[in-house]
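Everything below concerns the one structure shown next.
On a predicted model such as this, the values are computed, not experimentally measured, just so you know.
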Amino acid sequence: MNKINDCIDCGRCRSRCPYHLDTPKVLKYMLADYWQFYEEHKDAL
């Protein structure tokens with residue numbers, strides 16, 4: 001998951017996405033969501 005932090009927002013993945021998603025933005029949003037979920041549930045893990 002932390003590989004997302006290595007994204008340089010070059011746009012290459014964005015231009016290749018068949019769904020025209022802003023891939024870097026989506027990945028960074030999902031990483032933030034992951035860490036929020038982890039913090040809320042880490043004691044149960």
Same cluster (ILVMFWY, side-chain, under 4.5 Å), W35 and F37 | no
List in chain and number order the residues that pass salt bridge (Lys or Arg N to Asp or Glu O under 4.0 Å) with D6, two or more places apart in sequence or in another chain; answer none if no residue qualifies.
-> K3
Other ILVMFWY residues reachable from I8 by side-chain steps of under 4.5 Å | none
OG-NE2 distance between S15 and H20, expressed to the nearest 0.5 angstrom = 11.0 Å
Sequence neighbours excluded - side chain to side chain donor-acceptor pair (under 3.5 Å) pairs with any residue from residues 36-45 = Q36-E40, E39-K42
Taking all non-hydrogen atoms of both residues into account, name the closest pair between R14 and D9 and its distance.
-> NH2-OD1, 2.6 Å
Return all side-chain donor-acceptor pairs below 3.5 angstrom for residues 24-34, not counting sequence neighbours, or 'none' if the list is empty.
none

